[in-house]
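Beneath this line is the structure, given in structure tokens, with notes to follow.
By convention here, the first residue in the shown sequence is residue 1. In each ligand, atom 1 is the first atom listed, and ligand 1 is the first ligand listed.
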Amino acid sequence: MVEVKGFKEGLEDVVAADSTICYIDGNRGILSYRGIDIHDLAENSTFEEVCFLLWEGRLPRREELDALRRSIGAERALPPEMLQLLASIVPHLTPMDALRTTVSALAETDPDVRDMSREANRRKAIRLTGQLAAIVAADHRLRNGQPVVDADPSLFHAEDFLRMLTGAKPSPEATQALDVALVLHADHELNASTFAARVTAATLSDMHSAITSAVATLKGPLHGGANEAVVKMLIEIGSLDRVDDYVRSKLARKEKIMGFGHRVYHTEDPRATHLRAMSKALAESSGQTRWYDMSRRIEKIVNEEKKLNSNVDFYSASVYYMLGIPPDVYTPIFAVSRVSGWTAHVLEQYEHNRLIRPRAEYIGPEYPQPYVPIEKR
Ligand SMILES: CC(C)(COP(=O)(O)OP(=O)(O)OC[C@H]1O[C@@H](n2cnc3c(N)ncnc32)[C@H](O)[C@@H]1OP(=O)(O)O)[C@@H](O)C(=O)NCCC(=O)NCCS
């Protein structure tokens with residue numbers, strides 16, 4: 001944290017919007033969507049139900065949930081020209097870059113693209129939620145020379161996404177683990193990517209532009225990119241007996257350990273609590289405890305040495321790895337979930353919009369400076 005002339009860099013502690021979507025108490029480790037505790041949602045809800053909650057502000061009745069599940073399922077498909085675009089960029093771009101480009105291009109295929117009514121934007125939220133999963137799955141298949149798998153709209157999002165990604169029916173355990181991960185990642189107040197989406201929407205730009213900004217912002221290793229960095233670290237360390245040396249020497253070099261620290265939580269991130277338990281359960285049921293054991297040891301050292309807690313990205317890495325999901329899909333999966341929160345915030349921004357335009361503290365050469373003609377420089 002860097003203090004400059006009475007304000008903290010990085011907009012720390014700045015309240016930039018009223019919102020009814022997500023409540024966080026960073027001192028007590030509380031996260032809730034629309035006031036419902038994340039632990040209750042993780043244990044009882046589904047990703048579709050959370051989407052409804054974020055977009056509509058209340059839990060759905062059964063028929064409303066069924067209808068939303070079918071609507072998202074029907075949108076889990078890409079127009080042929082978008083599949084062609086994806087196939088042409090996949091050899092040249094990372095999955096997050098390809099996702100950003102395809103989300104932007106999707107605007108041109110959206111029947112509601114120029115309609116800024118609430119109803120049209122709500123349809124775009126559903127469409128983008130289905131389509132993002134389709135892009136991530138198709139990108140992975142194309143990248144690996146495999147045929148793209150069509151959606152089965154009758155399935156829940158988590159199950160169908162895994163099926164479209166791997167080409168095989170996922171186990172109930174894998175489906176359940178991914179569904180909980182999607183619930184846990186769905187929203188997080190004014191995190192960097194959501195803020196980027198709201199800034200874009202606040203200029204009265206369209207939903208696709210706002211979500212493109214969000215995907216671009218999520219990509220960075222200080223935000224959504226951290227989960228992929230965590231698994232790379234686990235693979236690089238390789239075994240439990242090498243953890244201590246690796247982590248301690250990284251800390252001695254003042255390097256960050258990915259998956260630790262948080263701008264808002266001063267105690268354990270409540271999402272990490274669930275992901276740790278999921279990582280443990282998957283380790284025990286599969287008999288491969290290496291990644292969980294290494295993660296626990298890393299956590300212990302970073303807790304002791306830096307007083308930092310793990311965040312959402314730390315244990316999601318070992319969970320996804322044990323589910324057999326390739327590392328370059330981890331950050332895209334974050335987007336597959338967070339698009340629900342991004343779109344909820346964009347809808348909220350449009351409802352009582354004002355341009356978001358902060359000021360900068362000027363610390364450049366003192367005013368006025370002379371203008372020196374080019375021949376005298
Ligand atoms: C999340 C994060 C970006 C928050 O950043 P922030 O609020 O700006 O905090 P800072 O980067 O200023 O860190 C404050 C101090 O803690 C240290 N720190 C923060 N995260 C750390 C980490 N993961 N490993 C080691 N040290 C860390 C910083 O080096 C700094 O120490 P200093 O004051 O001695 O210089 C930051 O903790 C981080 O980079 N974590 C790793 C990336 C990550 O996991 N991102 C996913 C977030 S959900």
Show me which atoms of ligand 1 lie under 4.0 Å from any heavy atom of R263.
4 (C), 6 (P), 7 (O), 8 (O)
What class does the angle between the rings of Y320 and Y330 fall in, given that below 30° is parallel, 30 to 60° is tilted and above 60° is perpendicular?
perpendicular
Would you please test T129 and E75 for side-chain hydrogen bond (donor to acceptor under 3.5 Å, both in side chains) and show each step?
CA-CA 8 Å; T129 301; E75 301 294 356; over 6 Å; no
Using a strict cut-off of 4.0 Å, indicate which atoms of ligand 1 neighbour a heavy atom of I257.
22 (C), 23 (N), 24 (N), 25 (C)
Check if G259 has a non-hydrogen atom at a distance under 4.0 Å from any atom of ligand 1.
yes
Answer yes or no: is there an ion pair linking E56 with R34, defined by an N-O contact shorter than 4.0 Å?
no
Heavy-atom distances under 4.0 Å are what count here, so tell me which part of L308 touches ligand 1: side chain, backbone, both or neither.
side chain
Part of D313 within contact of ligand 1 (heavy atoms, under 4.0 Å):
side chain
May I ask you to list the atoms of ligand 1 that are less than 4.0 angstrom from any heavy atom of H223?
46 (C)
Aromatic ring pairing H223/F334, orientation class (parallel under 30°, perpendicular over 60°, tilted between)
perpendicular
Out of all atoms in ligand 1, which are within 4.0 Å of some heavy atom of A226? Include the element for each.
43 (C), 44 (O), 45 (N), 46 (C)
Show me which atoms of ligand 1 lie under 4.0 Å from any heavy atom of H262.
37 (O), 48 (S)
I'd like to check whether M258 has a polar contact with ligand 1, where a contact means an N/O of the residue lying under 3.5 Å from an N/O of the ligand.
no
Run the side-chain hydrogen bond (donor to acceptor under 3.5 Å, both in side chains) check on H185 and R338 step by step: do they pass?
CA-CA 6 Å; H185 285 81; R338 186 58 60 85; over 6 Å; no
Is there a polar contact, in the sense of an N or O pair closer than 3.5 Å, between L222 and ligand 1?
yes
Heavy-atom pairs closer than 4.0 Å: do any link ligand 1 to the side chain of K254, the backbone, both, or neither?
neither
If we number the atoms of ligand 1 from 1 as shown, the ones under 4.0 Å from a heavy atom of K306 are 26 (N)
Decide yes or no on salt bridge (charged side-chain N to carboxylate O under 4.0 Å, His left out) for E64 and R58, but give the supporting numbers first.
CA-CA 11 Å; E64 291 172 320; R58 63 174 174 84; 2.8 Å; yes
Tell me whether R118 at atom CZ has more than 12 heavy atoms from other residues, nucleotides or ligands lying less than 6.0 Å away.
yes
Which class fits the ring pair Y265 and H188: parallel under 30°, tilted 30 to 60°, perpendicular over 60°?
tilted
